[in-house]
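Here the structure is laid out as structure tokens; the discussion comes afterwards.
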Amino acid sequence: MDVSVTLWVLTIVGLAALIAVDFLIGRKPHEVSLKEAGVWTIVWIVLAALFGLGLLVFGGGEPSGEFFAGFITEKSLSVDNLFVFVLIMAKFSVPSKYQQRVLLVGVLIALLLRAAFIAAGAAILASFAWVFYLFGAFLIWTAWKLIQEARADHEDEEFEENKLLKAVERRFGVADRYHGTKLWIRQNGKRVMTPMLVVMLAIGTTDVLFALDSIPAIFGLTQDPYIVFTANAFALMGLRQLYFLIGGLLRKLVHLSYGLSVILGFIGVKLVLHALHESGVHVPEISIPVSLGVICGVLIVTTITSLMASRKQENAAAAEAEAGTGNGEADRNSVDV
């Protein structure tokens, strides 16, 4: 898709305006209600759908299909980020009324870092076609790693600060408590960071690890930097509201890692086939409609089986608790006798 500099500028300005509106509406610290989170989640999904339809009208079916496939893939992969966001919020004991501000700035940092990743990835792929093999192999390996992690027990998992964050904390120092939404304060005559700034940096920099999976994945669906960037932007900017909307549902998506591993493995195979095709080997290539169907199908099946498994676990736990209560009453009755 041939994208002019003017269109790039208009797109970035438009996204910046939407982000500014979102920021102004939530500028006053408050606890986000389910209604507010639901409304804004729908708004960002509708905006993404309208953008995809705009690509269909002005660019044709192929870029539109690539955008929707990329957006759905990035959205599903970003849901996995929410598990880590929950751990970060707990690690830094972020008050509920400040979580919205933390996520907004943290996601903005993540978007800027991803933009740099996308630019670098596009330049590398344009110069070295063999990188498709590397991306494909990496995604297949990541899919296997996700399966292994899903089988492991992570009930006691805690967030560990990365080396960059620890270095920043040592360099500038951190206040011992939150000071509203302030990012810097003076403490004992020295300018230090507040925990608010630290947790924002934690969310933004931690997303880089997820970008290592998601950026190669979307390049497996499209090599158009404009579509890659916009799909990432729409997926990330709706992530904050999704955090508050499905926070309680996250633990019920017990099969999410398996679903994501299938998607990453599928895209990895697609990348390898594309690389072979580019090398002159006659192999079938997976079309965007097929990719979109597989991605949506896997997510639907994963969600249904996750909810079924969670309900089964809840029923078993309830039955076990009821049996324990019954045994306790029986023991008390025997003592009374």
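- Atom-to-atom distance recorded for Leu292:CG and Glu66:CD is 11.5 Å, nearest 0.5 angstrom.
- By the 4.5 Å heavy-atom criterion applied to side chains, Trp144 and Ser261 are not counted as neighbours.
- Classified by interplanar angle (parallel below 30°, tilted 30° to 60°, perpendicular above 60°), the ring pair Trp40/Trp44 is tilted.
- Residues Tyr98 and Ile185 fall into different hydrophobic clusters, defined by Ile, Leu, Val, Met, Phe, Trp and Tyr side chains chained together at heavy-atom separations under 4.5 Å.
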Val9 and Val13: side chain to side chain contact (heavy atoms under 4.5 Å, CB included), yes or no, with the steps?
CA-CA 6 Å; Val9 171; Val13 169; 4.2 Å; yes

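- Open room surrounds CD on Glu62; 12 or fewer heavy atoms of other groups in view lie less than 6.0 Å from it.
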Apply the test side chain to side chain contact (heavy atoms under 4.5 Å, CB included) to residues Gln187 and Met193: give CA-CA distance (whole Å), side-chain angles for both, the deciding distance (0.1 Å), then the verdict.
CA-CA 10 Å; Gln187 185 172 282; Met193 300 189 302; over 6 Å; no

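- Separation of atoms CG (Leu50) and CG (Leu56) is listed at 12.0 Å; rounding is to 0.5 Å.
- The closest side-chain donor-acceptor pair between Tyr226 and Thr11 falls under 3.5 angstrom.
- Taking the six-membered ring for Trp and thresholds of 30 and 60 degrees, Phe51 and Phe234 have ring planes inclined between 30 and 60 degrees apart.
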Give the C-alpha distance, both sets of side-chain angles, the deciding distance and a yes or no for side chain to side chain contact (heavy atoms under 4.5 Å, CB included) between Ile263 and Ser76.
CA-CA 10 Å; Ile263 291 173; Ser76 59; 4.3 Å; yes

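- Contact annotation: the side chain of Tyr133 never approaches that of Phe138 to less than 4.5 Å [non-hydrogen atoms, C-beta and beyond].
- In this structure, CE on Met200 lies 7.0 Å from CG on Leu197, to the nearest 0.5 angstrom.
- Linking ILVMFWY side-chain heavy atoms closer than 4.5 Å, directly or via other members, places Leu104 and Ile45 in two distinct hydrophobic clusters.
- No chain of hydrophobic side-chain contacts below 4.5 Å, direct or via other Ile, Leu, Val, Met, Phe, Trp or Tyr residues, connects Met308 to Val301.
- The shortest side-chain heavy-atom distance between Ile203 and Leu103 falls under the 4.5 Å cut-off.
- Taking each heavy atom of Ala115 and Phe229 in turn, the nearest pair found is CB-CE1, 4.1 Å.
- No side-chain heavy atom of Leu260 sits under 4.5 Å from any side-chain heavy atom of Thr302.
- Under a 3.5 Å cut-off, the side chain of Gln223 and the backbone N or O of Phe219 do form a donor-acceptor pair.
- Under the 3.5 Å distance criterion, the side-chain polar atoms of Gln99 are left unmatched by any main-chain donor or acceptor of Met89.
- You'll find the side chain of Cys296 reaches within 4.5 Å of the side chain of Ile72, heavy atoms only.
- Counting heavy atoms from C-beta on, the side chains of Phe266 and Ile140 never come closer than 4.5 Å.
- Taking 4.5 Å as the limit, some side-chain heavy atom of Ile295 sits within range of a side-chain heavy atom of Leu221.
- Put simply, CD1 on Ile300 and OG1 on Thr305 are 12.0 Å apart, with the number rounded to the nearest 0.5 Å.
- Among Leu113, Ile218, Asn232, the single residue meeting the side chain to side chain contact (heavy atoms under 4.5 Å, CB included) criterion with Ile118 is Asn232.
- With values rounded to the nearest 0.5 angstrom, Thr230 atom OG1 is found 8.0 Å from Leu15 atom CG.
- A distance of 11.0 Å separates CG of Leu47 from CE of Met237, quoted to the nearest 0.5 Å.
- Here the closest non-hydrogen pair linking Ala143 and Gly265 is CB-N, 3.6 Å.
- For the residue pair Lys75 and Ala235, the shortest heavy atom distance occurs at NZ-O, 3.3 Å.
- In this structure the side chain of Met196 never reaches within 4.5 angstrom of the side chain of Lys182, judged on heavy atoms.
- Scanning both residues, Thr73 and Ile267, for their nearest heavy atoms gives CG2-CD1, 3.9 Å.
- Side chain of Asn188 to backbone of Lys190: no donor-acceptor contact under 3.5 angstrom is found.
- Between the side chain of Ser64 and the backbone N or O of Gly60 there is no donor-acceptor pair closer than 3.5 Å.
- When all heavy atoms are compared, the tightest approach of Phe68 to Leu53 is CZ-N, 4.1 Å.
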Just do the side chain to side chain contact (heavy atoms under 4.5 Å, CB included) check on Phe92 and Val198 with the steps written out, would you?
CA-CA 9 Å; Phe92 293 97; Val198 175; 3.5 Å; yes

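- In terms of heavy-atom proximity, Val298 sits nearest to Gly259 at CG1-O, 3.4 Å.
- Val39 is connected to Ile19 through a chain of hydrophobic side-chain contacts under 4.5 Å among Ile, Leu, Val, Met, Phe, Trp and Tyr, so both are in one cluster.
- Note: Phe172 and Trp184 have perpendicular aromatic rings, judged against thresholds of 30 and 60 degrees for the angle between ring planes.
- Val290 and Leu273 end up in the same hydrophobic cluster when Ile, Leu, Val, Met, Phe, Trp and Tyr side chains are linked at under 4.5 Å.
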